[in-house]
Amino acid sequence: MSLPAVPTPPAVGFYDAVGGEPTFRRIVARFFELVVTDPILRAVYTDEDLGPAEDRLRLFLMQYWGGPTTYSDERGHPRLRMRHAPFAIGVRERDAWLGAMRVAVGEAGLAEPRREQLSSYLESTATHMINRRE
Ligand code: HEM
């Protein structure tokens, strides 16, 4: 299977332009609110307390988009595909994940072109996490 193209690195200034940490906090908090009510996602995110998972996703996204490097300071190299290997992620899970993210990003009200940049990054990265045939 050929790998998808590496996503374009974010433009300098994206993190501040979208409002910094509060914006990422809002998006990821909303995403996890949706996770707990979605049976497909709840079957993958099985921890009773999803607070730590929320912190990791928020810190990763903040770092990726040019914010503080707390994620790697605490967790090391992201190695996202490897870290997702224990979870069964097929097209169904990818679609559920992106559906919740789409709502969360939509509600954050980012201006274009940034909303589109963030959305297409999330889409290509989520597809890259697929590790199971249906
Ligand atoms: C395709 C659908 C996806 C599913 C079903 C999924 C599911 C999960 C699950 C179950 C975990 C473990 C929760 C935890 O951290 O305790 C996790 C961790 C994580 N996911 Fe995803 N994920 C998906 C896509 C993505 C994408 C697109 C990104 C980034 C853009 C991402 C970033 C992360 C990060 C940063 C962690 C924490 C890794 C660590 O430091 O251990 N995930 N994911």
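Values below: all heavy atoms of this structure, side chains included; hydrogens, waters and symmetry mates excluded. Note that ligands are numbered from 1 as they come in the structure, with each ligand's atoms numbered from 1 the same way.
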Exercise for review: Examine the side chains of Ser119 and Arg102 and answer whether a donor and an acceptor come within less than 3.5 Å of each other.
Suggested key: no

Review point. Can you list every pair that meets salt bridge (charged side-chain N to carboxylate O under 4.0 Å, His left out) and has a residue in residues 35-51, with sequence neighbours left out?
Key: none

Point to revise | Proximity of Tyr64 and Tyr71 rings by center, below 6.0 Å | key: no

Kindly print each ligand 1 N/O atom paired with any protein N/O atom under 3.5 angstrom away, one pair per line, or none if nothing qualifies.
residue  : atom   : partner : partner atom : Å
ligand 1 : 15 (O) : Arg56   : NE           : 2.9
ligand 1 : 15 (O) : Arg56   : NH2          : 3.4
ligand 1 : 16 (O) : Arg56   : NH2          : 2.6
ligand 1 : 20 (N) : His84   : NE2          : 2.8
ligand 1 : 22 (N) : His84   : NE2          : 2.9
ligand 1 : 22 (N) : Trp97   : NE1          : 3.4
ligand 1 : 40 (O) : Tyr71   : OH           : 2.5
ligand 1 : 40 (O) : Arg75   : NE           : 2.8
ligand 1 : 40 (O) : Arg75   : NH2          : 3.4
ligand 1 : 41 (O) : Arg75   : NH2          : 2.6
ligand 1 : 42 (N) : His84   : NE2          : 2.9
ligand 1 : 43 (N) : His84   : NE2          : 2.8

Point to revise | Pairing residues for Arg83 by the salt bridge (charged side-chain N to carboxylate O under 4.0 Å, His left out) criterion, not counting sequence neighbours | key: none

Could you list the donor-acceptor pairs under 3.5 angstrom formed by side chains in residues 104-112, with sequence neighbours left out?
residue : atom : partner : partner atom : Å
Glu107  : OE1  : Arg30   : NE           : 2.8
Glu107  : OE2  : Arg30   : NH2          : 3.4
Glu112  : OE1  : Glu116  : N            : 3.1
Glu112  : OE2  : Arg115  : NE           : 2.6
Glu112  : OE2  : Arg115  : NH2          : 2.9

Check your understanding: If you measure from the Lys or Arg side-chain nitrogens to the Asp or Glu carboxylate oxygens, is any gap between Asp95 and Arg92 under 4.0 Å?
Key -> no

